[in-house]
Each structure stands twice: as structure tokens, then as C-alpha cells.
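For the single chain, residues carry numbers from 1 onward in sequence order. Heavy-atom basis, side chains included; hydrogens, waters and symmetry copies ignored.
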Amino acid sequence: MDTLVKAIAKFKGGVKVPHNKNTAENESVFMEPPEIVTIPMQQHIGGPCKPIVKKGDIVTVGQVIGDSEAFVSAPIHASVSGKVKGIKPVLMANGQTCEAIHLKSDGLPVEFPEPHPIEILSKADLLKAARDSGLVGIGGAGFPMHVKLAVKEDTPIDTLVINGAECEPFITSDYRESLEYPDRIIAGMQLVMKYLNIRHGVIGIESNKPKGLKRLRDHLNELAELDPTIDVMEIPSLYPQGAEKMLVYATTGRKIPPGKLPSEVGCLIMNISTISLLQRYIEIGMPLTHKRITIDGNVAQPKNVVVTIGTPIGEVIDYCGGLVDEPSKIILGGPMMGIAQFSMDLPITKQTNAITILSAAQSLPEESPCIRCGSCVTACPMSLLPVQIERCTHNKDVAGLRKLNVSACMECGCCAFVCPAGRRLVQTMKQAKQMEREAVQ
């Protein structure tokens with residue numbers, strides 16, 4: 001039986017980006033933990049954690065070292081065994097400051113508590129396991145897993161959508177998950193669908209990843225009893241296909257209303273690596289302490305590396321042979337939506353899915369006056385008018401920004417990518433949205 005189906009719908013706008021998937025065939029390699037890891041207490045959207053250890057304490061791998069009573073939060077675990085060297089604020093990649101626990105590794109693989117499989121017999125068990133795992137959305141804002149799974153009874157979900165699009169240039173960490181752990185992905189889907197009473201599941205993967213599509217399809221066909229409730233769907237290779245509105249539209253044909261969540265149209269979305277890591281936690285009981293990330297671009301040896309959370313990005317780059325020459329930008333994430341870094345000492349966090357190093361030739365051109373070509377309007381997948389939003393922002397016209405629906409912008413970068421004048425439109429969009437928020441307060 002063939003379980004591969006085609007996309008149902010194609011969204012308006014978007015851009016064809018050069019994918020540069022140089023590490024697609026590079027199997028994941030494990031990097032030894034560094035001597036010092038820095039573990040921020042804010043690695044998710046929502047309430048930051050507070051340290052529950054103090055300087056001088058001895059910790060072990062998987063031990064909870066930060067937690068919060070806030071519902072929208074996730075515990076943070078020690079990624080190495082060793083001693084708490086100190087607790088002090090750090091400046092994060094997004095420009096915010098938060099407390100961080102600095103651990104000095106003893107080099108021993110001491111785990112606490114001793115890992116064991118987690119028994120799941122109810123939805124409550126699943127939600128508890130999701131929280132205990134420390135899992136958050138991989139590569140995005142870091143929405144805590146247990147919050148996403150806590151679907152209200154009056155919001156029925158009929159479709160679990162797994163995001164395997166990975167439409168950003170360079171990044172292949174999710175693709176490697178589909179090749180290396182298809183069994184975990186499918187088992188994780190079956191678990192969530194069972195206890196959340198979801199009758200249909202679909203894995204959406206872009207058409208430029210045929211091996212990933214085939215691997216998952218073959219695994220479904222290999223099951224003793226083929227699961228007819230799960231489809232592997234080939235979706236168009238078009239950026240930003242992995243955005244939740246576009247993904248839901250491609251896989252179900254449903255349109256998420258402005259300002260609403262996927263649950264409003266009966267969908268629950270999870271990243272392909274996140275669902276796999278949830279299943280891993282259920283199977284062995286070890287929470288999130290390591291991440292697979294793609295290192296590519298202006299680096300000697302592009303790789304997919306499983307890295308200890310808290311490792312400085314500079315040490316990961318050194319592990320990949322170092323920089324080829326002076327970079328123009330070092331980005332956490334991909335070049336379309338990632339954040340350029342100001343220091344090589346910043347740590348890998350739960351949300352990190354890639355380090356992309358760009359040369360001067362790969363950066364945006366020098367900014368010049370807008371020529372009113374309309375390319376940004378054509379490319380915008382949200383049907384916005386970036387050129388007019390830019391004008392209103394410069395004029396501090398908040399009423400105009402509201403009329404232009406600037407809050408719908410998802411900062412995907414399509415407008416800046418196609419702009420022949422090199423306008424910094426994403427930065428303008430961020431500024432416009434902040435201007436509108438401040439006017440409301």
C-alpha cells in the first residue's frame with residue numbers, strides 16, 4: 001500500500017530560495033561536552049525558570065536545575081554532570097537578559113535519576129511526561145510541549161500535522177531525524193493521537209526531500225499492521241512552507257483565521273524532531289539535554305552535530321573545522337528567520353536547530369531607495385503591503401499600520417529576500433509591530 005499523498009492546496013506568494021542542503025547526507029555525529037556549559041533559565045516562550053540549585057552544588061545529567069510554577073513554562077535540566085560554577089545573568093541571542101547556570105563538567109556520564117521507560121496510561125500521564133521531558137518547540141519560539149498538548153475539551157482536534165518541511169536554506173537537522181529515527185516519529189504520533197483522541201495524522205515534507213518521504217513511507221508499510229490513519233504527504237518546495245498557516249493549508253486545505261491558532265480549524269501542529277524526542281523520552285526517560293543542529297555555510301566541515309545544550313557556539317564551529325575566512329554573519333537558525341549573533345560565547349539552547357555562517361557575498365546588498373516595484377507585495381504569503389508598512393513606520397503612523405494589518409506579519413523574510421533595493425524590511429516589520437503594541441498599552 002502506498003501511503004504517500006500529495007499536498008491539498010498551495011498558498012499564495014512565497015519565494016524559491018536556494019536550499020543549499022550541503023549536509024543532507026551527513027549522518028549525525030556526537031560532539032563531546034565542553035568543559036563549561038551555560039544553561040539559560042529562559043529557553044521557551046512564557047515564564048522563565050528559577051534556579052533550584054546553588055553555587056557549589058553537584059549535579060548529574062538530566063537533573064532538574066531550573067523550574068517555574070507558571071503553566072506556560074518548561075523545566076530545564078543539567079546537560080552535563082559536574083559542579084555549579086556560578087549563577088549569573090547572560091545576554092541572550094534575542095537581546096534579552098536572563099539568569100543562567102554555569103556548570104563545570106566532570107566528564108562523567110552520570111545520569112539522574114537512572115533513566116527508565118515512562119508508562120503512559122492516560123492523557124494526564126502524557127501531559128506530565130511532556131512537561132517532565134523539558135521539551136519545547138524545536139527551532140521556533142519554544143512553545144512548551146505540555147501546553148500545546150493540553151487541548152481543551154471544547155476545542156476538538158481531528159488532525160495531527162507533523163512539520164517536516166524544513167524550508168530554510170542550509171538546515172537539514174529535521175531531515176536527518178526522518179532518515180535516522182522514522183520509527184520514533186511514527187510511534188510518537190500514534191501515542192499522541194491515541195490519548196488526545198485524534199483520528200488522523202499527516203507528516204508534511206517538502207518535495208525536495210524524496211529520501212525522507214520514502215523512509216517514512218517505507219516504515220509505515222513495514223509495520224505489522226499498517227496504520228491507515230497516518231499519511232506521509234509531499235508538499236511543494238516553497239518558502240515558507242513550514243509556517244503553521246501554510247502547512248495547515250497544504251495538508252488539510254483549511255485556512256487559519258487571522259490571530260487564531262491551528263486548533264481553531266481542528267489541527268495540532270508539532271515539529272518532526274519534537275515528536276521524535278517525545279517518544280525518545282517515553283522510551284528511555286532521559287529529558288532534553290542534547291540537540292541535533294546543522295552547522296553549514298562559511299565553515300570548513302559542514303555537519304549535523306548532536307550538541308550538549310549550553311555549549312558555546314564558538315566551540316561547535318571549532319568542532320566543524322573552524323571558519324573558512326572572516327564571516328559576514330553568524331546566525332543561530334537559518335538565513336531567512338535566524339538571528340545574527342554578536343558573540344561566539346552564546347550557548348546552544350533548546351530552540352537552536354542550526355548555526356549558519358554567511359560570507360560577505362551571501363549577505364543582503366547595500367540598501368538603496370525603494371523603487372516601488374511591488375516584488376515584496378507579490379512575495380508576501382500573508383498578502384500584506386510591506387512597502388506601505390515601511391512608509392507608515394517611518395512616519396510613525398500607527399493608525400495606518402493597523403489598517404495595513406501589520407500584526408499578521410510572521411517575519412518570514414520573503415519581502416527582504418526579493419527586494420532589489422536591499423531594503424531591511426524584516427527589521428522594519430519588527431519595528432512596526434512593536435510600535436503598534438506600544439500604542440495599545
From [X] [atom1] over to [Y] [atom2], what is the distance, rounded to the nearest 0.5 angstrom?
X	Y	atom1	atom2	value
Ile235	Leu213	CD1	CG	8.5 Å
Ile293	Ile348	CD1	CD1	4.0 Å
Lys211	Lys214	NZ	NZ	10.5 Å
Asp132	His77	CG	NE2	7.0 Å
Tyr239	Met246	OH	CE	10.5 Å
Asp397	Ile389	CG	CD1	11.5 Å

Evaluate Ile101 against Val53 for side chain to side chain contact (heavy atoms under 4.5 Å, CB included), listing each step before the verdict.
CA-CA 9 Å; Ile101 298 174; Val53 293; 3.8 Å; yes

Do [X] and [Y] make a side-chain contact, defined as non-hydrogen atoms from C-beta onward lying under 4.5 Å apart?
X	Y	answer
Gln341	Ile355	no
Val161	Leu268	no
Glu180	Arg215	no
Thr393	Val406	no
Gln362	Ser328	no
Arg423	Glu367	yes
Met31	Glu315	yes
Met92	Thr97	no

Work out which heavy atom in [X] is nearest to a heavy atom in [Y]; give both atom names and the distance.
X	Y	answer
Gln43	Lys350	OE1-N, 2.9 Å
Ile272	Ile205	CD1-CD1, 4.5 Å
Met193	Gly201	CE-N, 3.4 Å
Gly66	Cys49	C-CB, 3.7 Å
Gly47	Ala70	CA-CB, 4.2 Å
Ser28	Val306	CB-CG2, 4.1 Å

I'd like to know if the side chain of [X] reaches the main chain of [Y], judged simply by a donor and an acceptor atom lying under 3.5 Å from each other, with no hydrogens or angles considered.
X	Y	answer
Asn163	Gly242	yes
Asp106	Leu108	yes
Asp67	Ile52	no
Ser359	Asn298	no
Arg292	Val307	no
Glu166	Ser173	yes
Lys329	Thr356	no
Lys209	Ala165	yes

Looking just at side-chain N and O atoms, do [X] and [Y] make a donor-acceptor pair shorter than 3.5 Å?
X	Y	result
Ser237	His19	yes
Ser276	Glu177	yes
Asn353	Asp174	no
Glu438	Gln434	yes
Thr172	Thr23	yes

Counting only heavy atoms from other residues, nucleotides and ligands, does the tally under 6.0 Å from [atom1] of [X] exceed 12?
X	atom1	value
Phe342	CZ	yes
Gln301	CD	yes
Lys255	NZ	no
Gln96	CD	no
Glu35	CD	no

Pi-cation contact, Tyr175 with Lys21 (under 6.0 Å, within 45°):
no

Check Glu99 with Lys88, please: is the shortest side-chain N to carboxylate O separation under 4.0 Å?
no

N-O pairing of Glu283 and Arg184 below 4.0 Å:
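Result for this pair is no, no salt bridge flagged.
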
Member of [options] meeting the side chain to side chain contact (heavy atoms under 4.5 Å, CB included) criterion with [X]:
X	options	result
Lys433	Lys430, Glu436, Gln431, Arg437	Arg437
Ile275	Ile203, Leu191, Ile185	Ile185
Cys415	Cys409, Ser375, Cys376	Cys376

Mind running side chain to side chain contact (heavy atoms under 4.5 Å, CB included) on Lys291 and Ile309 for me, showing each step along the way?
CA-CA 7 Å; Lys291 280 293 305 292; Ile309 289 175; 4.1 Å; yes

Member of Asp231, Thr251, Thr252 meeting the side chain to side chain donor-acceptor pair (under 3.5 Å) criterion with His200
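The side chain to side chain donor-acceptor pair (under 3.5 Å) with His200 is passed solely by Asp231 among Asp231, Thr251, Thr252.
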
What pairs with Pro144 under side chain to side chain contact (heavy atoms under 4.5 Å, CB included), at least two apart in sequence or on another chain?
His44, Ile45, Val72, Ala74, His146, Val147

Working note: Glu32 + Tyr319, criterion side chain to side chain contact (heavy atoms under 4.5 Å, CB included); need CA distance, chi angles, decisive distance, verdict.
CA-CA 9 Å; Glu32 288 295 319; Tyr319 178 76; over 6 Å; no

Quick one, Leu277 with Ser133, criterion side chain to side chain contact (heavy atoms under 4.5 Å, CB included). Give me CA distance, side-chain angles, the key distance, then yes/no.
CA-CA 9 Å; Leu277 289 173; Ser133 71; over 6 Å; no

